[in-house]
Asker: 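Pasting a structure below so you can have a look.
Side chains are part of it too, since the values below use all heavy atoms of this structure and drop only hydrogens, waters and symmetry mates.
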Amino acid sequence: MKRFFKVVEKDSDGSAKKPRENEKDAEAEENKEEPLKFMTWNANSFLLRVKNNWPNFTNLITTFDPDVIAIQEVRMPAAGAKGASKVQGEIKDDTSAAREEKKILMRALSAPPFCNYHVWWSLADSKYAGTALLVKKCFKPKSVVFNLDKLASKHEPDGRVILAEFETLRLLNTYVPNNGWKEEANSFQRRRKWDKRILEFVAQNSDKPLIWCGDLNVSHEEIDVSHPEFFSAAKLNGYIPPNKEDCGQPGFTLAERRRFGTILKEGKLVDAFRFLHKDKDMERGFSWSGNPVGRYRGKRMRIDYFLASEKLKERIVACEMHGHGIELEGFYGSDHCPVTLELSPSSDNEDPI
């Protein structure tokens, strides 16, 4: 068995040199294995948030100091010329307009506190969907992939998945497809296929604790929407789906909610926010809010989540919505507010799997 020894520095008198406090802190930072503070946010265009809302969002990051930031709806196109295959892990920069937009975004991410994070992208072909994952540089994921099949080079269509594996847990960032309103390939059928695949994923990857976050585009129970009757009766242009369970607001149909319940049960997952907040909170209990002008004013849903494996349940310290009210305070220009999760450190004798 090989043994490795660290060279001991000595002072002028021959005694072992004691590490300085800042050196010890730096070494501790470098050796971190398990992130404990997480944030998820559907930015509804990362570039627009950088242009219009960055100082306030930066203050939130500085204050909460997350180890991991999961972003959905990046809405930056993937690299690749028109008509050519796209490089979904890189931002488009083959035109002057694209280069300028990329420059604006990367300049923001190269300044404090974001310069302390490594960034991964999974992008769509156009300014649509897409996800990003920011992980503090003191944490070293064992792997980062961009699909539910855990294949090295594959990205999901529209860049909807980033999966990071750490020493003691996995972190899944997803932008789940909207259910839509109709029995069509790009609507109900697409969402059913997604739910089937995610059910298989959580059932087959129980060897290590999972934290699944992002815009999951579903409100599980009536307590998760502000006006259950309004959302249950919602229609698009009077269209009524053939199956009664598919009726209602996308994200609040009985079919979606039941499938989500099955995913939680089979994956042995805990809804972190609801685990800590049992009662309906009309002020701070929702992550998405309708346009303050129009019939959706004041209509709100909780569709952004942190789901954690049951074995992490007792370590959930806090899970909070950072937006409140019908005027979208704390939403930082998006129609979704940031959601945060904090875990307590694992005990030394705790089984990591």
Side-chain angles (χ1 to χ4, degrees), residues 38-40 42 68 70 72 131 147-150 156 160-165 168-179 188 190-225 228 231-232 245-246 248-281 285-288 300-321 336 339-343 353:
F38 308 84
M39 177 181 291
T40 183
N42 179 321
V68 177
Q72 305 86 44
T131 51
N147 58 87
L148 295 176
D149 304 312
K150 302 200 301 189
E156 293 288 343
R160 293 184 178 275
V161 169
I162 302 181
L163 174 65
E165 181 167 346
T168 59
L169 58 82
R170 292 189 180 98
L171 186 286
L172 176 64
N173 171 23
T174 65
Y175 176 37
V176 174
N178 188 286
N179 191 56
F188 294 166
R190 178 179 68 164
R191 180 55 180 269
R192 289 187 197 116
K193 289 178 181 177
W194 169 274
D195 287 347
K196 182 175 183 292
R197 288 188 65 211
I198 200 73
L199 174 60
E200 292 171 352
F201 174 85
V202 298
Q204 294 170 6
N205 289 275
S206 59
D207 58 311
K208 183 176 285 191
L210 173 70
I211 295 175
W212 174 18
C213 68
D215 178 355
L216 307 193
N217 256 321
V218 63
S219 294
H220 188 204
E221 306 286 357
E222 289 195 357
I223 191 176
D224 298 315
V225 297
F231 289 116
S232 294
E245 288 195 346
D246 291 320
Q249 178 75 27
F252 195 62
T253 66
L254 283 175
E256 292 171 274
R257 292 162 58 195
R258 286 174 178 169
R259 292 197 300 266
F260 187 64
T262 300
I263 292 167
L264 293 180
K265 181 179 178 181
E266 296 298 320
K268 297 180 180 179
L269 297 170
V270 174
D271 177 348
F273 180 82
R274 192 55 67 208
F275 175 65
L276 297 178
H277 307 273
K278 308 297 185 188
D279 300 324
K280 189 167 186 173
D281 184 345
F286 310 106
S287 63
W288 175 88
R300 291 161 290 167
M301 307 175 75
R302 188 172 72 92
I303 57 178
D304 302 85
Y305 290 80
F306 276 102
L307 305 178
S309 295
E310 288 181 355
K311 60 191 72 175
L312 295 175
K313 181 170 66 174
E314 300 308 320
R315 292 177 54 199
I316 298 173
V317 175
C319 187
E320 303 297 335
M321 308 283 162
H336 297 246
V339 183
T340 56
L341 170 72
E342 187 169 358
L343 300 180
I353 60 172

Asker: Excluding sequence neighbours, so at least two apart, what forms side chain to side chain contact (heavy atoms under 4.5 Å, CB included) with Asp281?
Answerer: Glu283, Arg284

Asker: The criterion is salt bridge (charged side-chain N to carboxylate O under 4.0 Å, His left out); which residues satisfy it with Glu320, sequence neighbours excluded?
Answerer: none

Asker: Kindly say whether Cys213 contributes a backbone atom to a donor-acceptor pair with the side chain of Thr40 at under 3.5 angstrom?
Answerer: no

Asker: State plainly whether the residues Asp246 and Arg192 are in salt-bridge range, i.e. N to O under 4.0 Å.
Answerer: yes

Asker: Any salt bridge linking Asp207 with Arg170? Criterion: basic side-chain nitrogen under 4.0 Å from a carboxylate oxygen.
Answerer: yes

Asker: For Arg190, which residues count as a salt bridge (charged side-chain N to carboxylate O under 4.0 Å, His left out) partner, sequence neighbours excluded?
Answerer: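 Expected list: none.
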
Asker: Mark yes when over 12 heavy atoms from residues, nucleotides or ligands other than Lys193 sit less than 6.0 Å from its NZ; otherwise mark no.
Answerer: no

Asker: Restricting to side-chain hydrogen bond (donor to acceptor under 3.5 Å, both in side chains), what partner residues turn up for Arg257, sequence neighbours left out?
Answerer: none

Asker: Just to verify, what does Thr340 make a side-chain hydrogen bond (donor to acceptor under 3.5 Å, both in side chains) with, not counting sequence neighbours?
Answerer: His322

Asker: Residues in side-chain hydrogen bond (donor to acceptor under 3.5 Å, both in side chains) with Asn173, at least two apart?
Answerer: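 So Asn173 forms a side-chain hydrogen bond (donor to acceptor under 3.5 Å, both in side chains) with Gln72.
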
Asker: How long is the gap from CZ on Arg197 to CG on Asp195, to the nearest 0.5 Å?
Answerer: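 Arg197 atom CZ to Asp195 atom CG measures 11.5 Å (nearest 0.5 Å).
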
Asker: Please enumerate all residues that pass salt bridge (charged side-chain N to carboxylate O under 4.0 Å, His left out) together with Arg302, with sequence neighbours excluded.
Answerer: Asp224, Asp271

Asker: Distance-only criterion, 3.5 Å: show the donor-acceptor pairs between side-chain atoms of residues 260-269 and protein atoms not counting sequence neighbours.
Answerer:
from: Thr262; atom 1: OG1; to: Arg258; atom 2: O; distance (Å): 3.1

Asker: For Glu200, what residues pass the side-chain hydrogen bond (donor to acceptor under 3.5 Å, both in side chains) criterion, not counting sequence neighbours?
Answerer: Lys196

